[in-house]
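Structure first, then comments.
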Amino acid sequence: MAGRKHLSGLLTADIFAMAVLYLIPDNWGDWQVKKILIILMAIGAVVLTALISRKKEKETHVRVAEIDSVSQMNPGQYLSKGGPVCAGSDGRYHVTFSLKDDTRLILSLSGKQAGQLAAGMYGTLIHNGSVFVSFTPEK
């Protein structure tokens, strides 16, 4: 199955080809063929967009770099002695993940999701673009 970057490249090429076809003067041939090709390319763009939006990415050997609260503390939230978020909290957190290639990915997690993580953990991250799906710690 093609990756998100490959599908994005195909989508870019499809949109570019559709724009070029649209800009070609109608006197080059049968305008109905041109219209049908543009419609088919538009359908292709919609299909590629749907595939890209569903494509989950799996990153291995990812390190949890930071966990930062982005909402105000409320009585339902509390911190453990070491400082990490406890699983009972219900706020929002920005969790920074360091990928293998030293890029950083910041995702928004609920207090329950962030409560299962601690800075320095390594594991496998599954995300859909900027949407967190899961993190499985390495043993």
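We count residues from 1, following the sequence as given. Note that the coordinates shown come from a computational prediction; the quantities given were computed from them, not determined experimentally.
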> Between atom CG of Leu125 and atom CG of Leu99, what is the distance when rounded to the nearest 0.5 Å?
Replying inline: 7.0 Å
> Are Leu37 and Ile24 connected in the hydrophobic side-chain network, where two residues link if heavy atoms are under 4.5 Å apart?
Replying inline: yes
> Side chains of Val131 and Leu107: closer than 4.5 Å at any heavy-atom pair?
Replying inline: no
> Does a donor on one side chain and an acceptor on the other come within less than 3.5 Å for Thr124 and Lys58?
Replying inline: no
>> How long is the straight-line distance from CG of Asp14 back to CG of Leu40, given to the nearest 0.5 Å?
In response: 10.0 Å
> So do Ile106 and Val95 actually touch side chain to side chain, heavy atoms under 4.5 Å?
Replying inline: no
> Does any N or O in the side chain of Arg92 come within less than 3.5 Å of the main-chain N or O of Gly111, such that one atom is a donor and the other an acceptor?
Replying inline: no
> Where is the tightest heavy-atom contact between Ser98 and Ala65, given as atom of each residue plus distance?
Replying inline: OG-CB, 3.7 Å
>> Let me check something: do Val47 and Leu11 share a hydrophobic cluster, defined by ILVMFWY side-chain heavy atoms less than 4.5 Å apart, either directly or through other members?
In response: yes
>> Once ring pair (Phe, Tyr, Trp, His ring centres under 6.0 Å) is applied, what residue pairs with a partner in residues 106-139 remain, sequence neighbours excluded?
In response: His61-Tyr122, Phe97-Phe135
> Once you round to the nearest 0.5 Å, how far does CG of Leu10 lie from CD1 of Ile15?
Replying inline: 11.0 Å
> Do Leu21 and Met41 pass the side-chain contact (heavy atoms from CB on, under 4.5 Å) test, and can you show the C-alpha distance, the side-chain angles, and the key distance before you say yes or no?
Replying inline: CA-CA 10 Å; Leu21 186 61; Met41 293 174 109; 4.0 Å; yes
> Can you tell me how far the CE atom of Met18 sits from the CG atom of Leu23, to the nearest 0.5 Å?
Replying inline: 11.0 Å
>> Any side-chain to backbone donor/acceptor pair from Gln113 onto Ser110? Under 3.5 Å, distance only.
In response: yes
> So, do Asn128 and Glu57 sit near enough that their side-chain heavy atoms are less than 4.5 Å apart?
Replying inline: no
>> Quick check: do Tyr22 and Ile38 have side-chain heavy atoms less than 4.5 Å from each other?
In response: yes
> Regarding Thr96 and Arg104, is there a side-chain donor-to-acceptor distance under 3.5 Å anywhere?
Replying inline: no
> Are any of the side-chain nitrogens in Glu138 or Arg63 under 4.0 Å away from the carboxylate oxygens of its partner?
Replying inline: no
> Taking everything shown except Asp101 itself, do over 12 heavy atoms lie less than 6.0 Å from its CG?
Replying inline: yes
>> So, using ring-ring contact (aromatic ring centres under 6.0 Å, His included) as the criterion, who are the partners of Phe16 when residues are at least two apart?
In response: none
